[in-house]
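Proteins get letters first, then strands, A, B, ... in listed order; numbering begins at 1 in each.
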Amino acid sequence: MLELTYLREHREDAEQRLAKRNIDAAGLLDTARQLDDLRRNTQTDLDARLAELNLLSRAIGDLMKSGKKDEAEAARAKTAELKASAANLKEQLDAAEKALHDHLCTIPNAPSSKVPSGRTPEENVTVMQHGAIPELGPSAKPHWEIGEEYGILHMDLGVKVTGAGFPVYSGQGAKLQRALIAFFLDKASEAGYREFIPPHMVNAESAFATGQLPDKEGQMYHATADGLYLIPTAEVPITNLYRDSIVEADQLPIKMVGYTPCFRREAGSYGAHVRGLNRVHQFDKVEIVRIEKPENSYAVLEEMVEHVKGLLNDLELPYRQLLLCGGDMGFSSAMTYDMEVYAAAQGRWLEVSSISNFETFQSNRLKLRIKGDDKKNRLAHTLNGSALALARIVAALLENNQTQEGIRIPKALQPYTGFTMIVK
RNA sequence: GGAGAGGUGGCAGAGCGGUCGAAUGCGGCGGUCUUGAAAACCGCUUUACCCGCAAGGGUAACGGGGGUUCGAAUCCCUCCCUCUCCGCCA
């Protein structure tokens, strides 16, 4: 949620930035301004009324004590009207606050000045590309065929046990999965991230604070009996560890990492382009999360990208870095880089990481502030990124590394898998 | 799931209808003292919002929500959470 003070004091900037999302920025901001004015005026009135009431109450107390019963009664009679009017104003204030809040919830984050405008994924900017595209030859198979052939990935068993999009890994496939998770976690630890194992379900407050609610309600699995949501990413529980908190400036930066399975309904996406592991309802992901001072956050975003590049280099996968255009960015993000790996058999780029700076969009909902040396509180910047998302990494590894002898495991991963080759 | 106890400031812990945003202790910050440090002493030490250029003023918050009352941290209802005992259980 964008900050009201920002919208009021930097209206022009907000409008320009929001315009990159191809929305009616001016209209949204005008409405916000009007609703906020109403809220302020109502609160001013209400506060004045309550101040009067408080004064009267105190006077009544004093009169009672000094035994002036009649005067106390007279004063008491005067409160009725004030109370009614205050109650009325309170109702109006609540309504105004709700209207303002609901409206602010509909406004996406304002893209950073560095974000290119554009409507579609085609307008994303390729920042860099690295690694040779493998030449596989005509016998190359897509990962879902490889998985079946080697007996390590079973989409059909997932269908039986749960439903489409819930993969089952077995044997060396399962071990590869576990190796990747351990590898990613170790790399994050080396880079100074504190490891967390968070809950895999969250309450509505948490889902709201990181921006999944109300915007992406239908994307999450919802356990209605308990009002809980299966997490679509570890970002949600991990970032929410710092909900409603004020951190001392010298505690920063806060660097957290966590592995969790991720659950996404992906309603409405079916077809050939989502075959195999390309898009699934449950996948594993190691996520890095940062809480930072505003002046550092963009440097940190680049640092996080470098971390992810290091992982991809270690995995020997060809990859590219995209800077998302305004139209393709997530609702909560101010700037997002996507990292994609090339899956050579499919001949497609697969997104394996999304690294975003949310500026104060999340912290405003989280009520996550930094107490500075001047004792003033200000909202922190939050960032997160996949480091990395497993299913698609596995897809690319299987496809790119297929040989006559088996599936080659990258050197860096071998200490974790305990084998150098996946064989039949 | 059943029974009981309880949820107060960074922590501990008073308050149980009025001037209580809240005693006291600890912690933290500043000062006096000291060659320096400690101790001692003094002062300060929550958050959000509203009005105001500012100085300053106002409102709200004692788990959440609602109620009683001129007035609630204090009384009532309700929800949530924690603890103890019982049950169940990886």
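The partner of G10(B) is C26(B), judged by Watson-Crick or G-U wobble contacts that both fall below 3.5 Å. With both pairing distances under 3.5 Å, A48(B) is matched to U59(B) as a Watson-Crick or G-U wobble pair. Here U84(B) sits opposite A3(B) as a Watson-Crick or G-U wobble pair (both hydrogen-bonding atom distances under 3.5 Å).
Along RNA chain B, the nucleotide nearest Arg76(A) and the nucleotide nearest Lys371(A) are compared for position; the residue whose nucleotide lies closer to the 5' end is Lys371(A). Of the two residues near RNA chain B, Arg40(A) and Leu50(A), the one whose nearest nucleotide lies more 5' is Arg40(A).
Arg369(A) comes within 4.0 angstrom of the backbone, heavy atoms only, and of no base. Residue contacts shown for Asn41(A) are absent, as no nucleic acid heavy atom lies under 4.0 Å away. Looking at heavy-atom distances under 4.0 Å, Ile60(A) makes contact with a base. Looking at heavy-atom distances under 4.0 Å, Leu46(A) makes no contact with the nucleic acid at all. Contact annotation for Ala75(A): no contact, since no heavy-atom pair falls under 4.0 Å across all strands. Here Thr79(A) lies in heavy-atom contact (under 4.0 Å) with sugar-phosphate atoms only.
By the side chain to side chain donor-acceptor pair (under 3.5 Å) test, Asp45(A) pairs with no residue at all, sequence neighbours left out. Residues satisfying the side-chain contact (heavy atoms from CB on, under 4.5 Å) test with Asp244(A), not counting sequence neighbours, are Lys367(A).
Comparing the C1' positions of G66(B) and C80(B) gives an interatomic distance of 14 Å, to the nearest angstrom. The gap from the P atom of A72(B) to that of C62(B) amounts to 11 Å, rounded to the nearest Å. A distance of about 27 Å separates the P atoms of C20(B) and G27(B), rounded to the whole Å. The P atoms of G63(B) and G9(B) are separated by 8 Å, rounded to the nearest whole Å. The separation of G13(B) from G6(B), taken at their P atoms, amounts to 14 Å, rounded to a whole angstrom. Here the separation of A73(B) from A23(B), taken at their P atoms, is 15 Å to the nearest Å. Across G21(B) and U45(B), the matching C1' atoms stand 13 Å from one another, rounded to whole Å. Remark: the separation of the P atoms in C75(B) and G15(B) is 12 Å, to the nearest Å.
The nucleotide whose nearest atom lies closest to any side-chain atom of Asp47(A) is, among U69(B), G18(B), C50(B), C50(B). When distances are taken from the side chain of Ala51(A) to each of C70(B), U59(B), U47(B), the shortest belongs to U59(B). For Asn54(A), the listed nucleotide lying nearest its side chain is A60(B); candidates were G18(B), C49(B), A60(B). Of the candidate nucleotides G71(B), C49(B), U47(B), U47(B) has the atom lying nearest to any side-chain atom of Ile246(A).
Counting non-hydrogen atoms of neighbouring residues, nucleotides and ligands closer than 6.0 angstrom, the NZ atom of Lys175(A) reaches no more than 12 such neighbours.
How far OG of Ser117(A) is from CD of Glu123(A): 7.5 Å, rounded to the nearest 0.5 Å.
Residue Ser356(A) forms a side chain to side chain donor-acceptor pair (under 3.5 Å) with just one option from Asn384(A), Thr336(A), Asn109(A), and that option is Thr336(A).
In this structure, Glu97(A) atom CD and U59(B) atom C1' are separated by 12 Å, rounded to whole Å. Atom CG of Leu82(A) is separated from atom C1' of C70(B) by 11 Å (rounded to the nearest Å). Across the protein-nucleic acid pair, Leu368(A) atom CG and U47(B) atom P stand 15 Å apart, rounded to whole Å.
Both the sub-6.0 Å distance and the 45° axial angle are satisfied by Arg365(A) relative to the ring of Phe208(A).
At C80(B), none of the side-chain N or O atoms of Asn203(A) fall inside 4.0 Å of OP1 or OP2 (strictly under the cut-off).
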